[in-house]
Amino acid sequence: MKVAKFGEFGLIERIRGAVSAEPALRLGIGDDCAAVEIPPGELLLTTTDLLIEDVHFRRQWTDWRRLGRKSASVNISDIAAMGGIPRFLYLGLALPAESELADFDAFIAGFLQAAGEYGAVLAGGDTCRSPGPLLISVTAQGSVPADEVVTRGGARPGDLIFVSGTLGDSALALRRLQAGETPHPYLAGRHHDPTARVGLGRALAAACLPSAMIDLSDGLLADLGHLLTASGFGAEVWERALPLSAPFQAIMQNEPDVATLALGGGEDYELLFTAPASKAAEVARVAEGAGVAVTGVGRIGTEPGLIVIDRHGRVQRPQRAGFDHFAD
Ligand SMILES: [Mg+2]
């Protein structure tokens with residue numbers, strides 16, 4: 001059965017039936033607005049992402065359930081990057097008329113499953129027919145105690161630069177897909193179904209450890225560049241210190257050029273943050289408590305700009321790194 005036969009209000013009812021209750025959601029799907037509560041003394045965080053077919057994803061490379069999961073996770077990653085607790089999601093879907101109802105159901109099931117894993121609830125949205133590609137717009141809201149919010153703007157000279165997890169896995173999977181090949185299953189999972197580092201971001205913020213934080217969507221160098229711009233300082237990155245997964249390292253043995261993906265490849269959805277060097281042991285302890293590996297990969301300096309100390313100890317000055325939708 002096609003979604004077009006089911007109609008907009010039928011689809012909305014279908015979503016509403018799948019959403020579980022949440023006390024902080026005073027009014028959810030079905031009224032003109034959602035009405036939500038956040039705890040007293042906390043700031044409301046709001047972030048929006050667009051996912052457009054053939055720009056951000058290809059339907060033939062993934063499946064609707066994982067697409068639903070990723071749509072939720074990548075937005076929630078932005079809440080994690082502020083040290084926040086994910087709470088409410090709003091989903092806009094423009095569906096090609098020929099979409100199958102079973103695919104729509106799989107998307108919603110994946111979206112709600114991932115949202116639930118992070119403690120977030122779907123609070124509203126909109127659906128319509130798309131004359132072209134599948135278009136997904138997700139808004140995520142979270143909250144954070146007002147004195148614990150972490151921005152991109154607080155890094156100071158001498159701070160160490162940390163990343164969670166491993167880098168480049170998603171970009172390596174994407175490179176394989178673009179070449180018409182099948183990626184290693186671990187790398188494919190990192191690309192199609194990334195994990196937002198909510199527990200880690202919250203734990204770090206609650207311990208007041210990060211001086212600045214951002215999530216890695218555009219690539220280490222690009223996102224570090226955003227953080228440096230906001231903070232007003234420069235940095236050096238130690239390429240040899242970059243954390244790489246075992247499958248990534250195995251492939252790098254035969255294809256040394258994939259190393260650049262750890263610096264420039266996007267969609268890792270790991271956290272990049274800075275903290276005073278004196279707090280490195282505490283960072284390690286909090287990360288261990290959150291069950292996520294964290295690695296020191298560089299240092300903030302007073303010199304403007306971004307340099308990379310490469311694997312051979314040479315100083316590199318990367319020109320343009322990471323992904324920019326409006327670049328040629
Ligand atoms: Mg972000």
Side-chain angles (χ1 to χ4, degrees), residues 43-52 55-57 69-92 111 114-115 118 120 136-144 148-155 161-171 174 190-205 210-231 235 237 261-275 290 292 294 297-298 306 320-327:
L43 298 176
L44 180 66
L45 305 169
T46 305
T47 177
T48 292
D49 261 328
L50 271 178
L51 290 136
I52 301 172
V55 177
H56 300 91
F57 64 91
R69 288 186 58 85
K70 185 170 182 175
S71 303
S73 299
V74 303
N75 277 265
I76 286 172
S77 177
D78 280 326
I79 303 287
M82 307 293 286
I85 301 161
R87 295 195 180 276
F88 309 106
L89 293 167
Y90 306 86
L91 173 64
F111 186 92
Y118 300 110
I136 305 156
S137 167
V138 182
T139 298
Q141 289 183 319
S143 70
V144 61
E148 293 176 9
V149 65
V150 186
T151 69
R152 302 174 177 187
I161 302 166
F162 296 91
V163 294
S164 63
T166 57
L167 301 177
D169 297 326
S170 175
L174 180 61
R190 295 271 290 158
H191 180 68
H192 292 306
D193 191 6
T195 302
R197 299 298 187 189
V198 169
L200 176 65
R202 181 83 281 280
L204 289 167
S211 47
M213 189 152 63
I214 188 170
D215 66 321
L216 291 174
S217 53
D218 298 334
L220 172 65
L221 294 183
D223 288 314
L224 178 56
H226 299 320
L227 184 148
L228 295 175
T229 301
S231 293
V237 169
L261 297 175
L263 285 164
E267 295 204 286
D268 284 316
Y269 298 104
E270 296 295 345
L271 292 177
L272 167 72
F273 62 96
T274 55
V292 182
V294 159
V297 299
L306 176 54
R320 200 182 82 196
F323 189 69
D324 176 346
H325 275 289
F326 292 98

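For clarity, every value in this text was computed on a predicted model and none was experimentally measured. Indexing begins at 1, ligand by ligand and atom by atom, following the structure's order.
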- Keeping the roles fixed (side chain from Ser211, backbone from Thr274), state whether a donor-acceptor pair exists under 3.5 Å. yes
- State whether Arg202 and Glu148 are salt-bridged, where the test is any N-O pair (Lys NZ or Arg NE/NH1/NH2 against Asp/Glu carboxylate O) under 4.0 Å. yes
- Which residues share a salt bridge (charged side-chain N to carboxylate O under 4.0 Å, His left out) with Arg69, sequence neighbours left out: Glu117, Asp193
- Over all atoms of both residues, closest heavy-atom pair of Leu227 and Ile214: CD1-CG2, 4.0 Å
- Minimal heavy-atom distance between Tyr118 and Ala196, with the atoms involved, is OH-N, 2.8 Å
- Task: Grab the two heavy atoms, one from Gly84 and one from Leu45, that are nearest each other, plus how far apart they are.
- Result: CA-CD1, 3.8 Å
- What is the number of protein N/O/S atoms located under 2.8 Å from the Mg ion (ligand 1)? 2
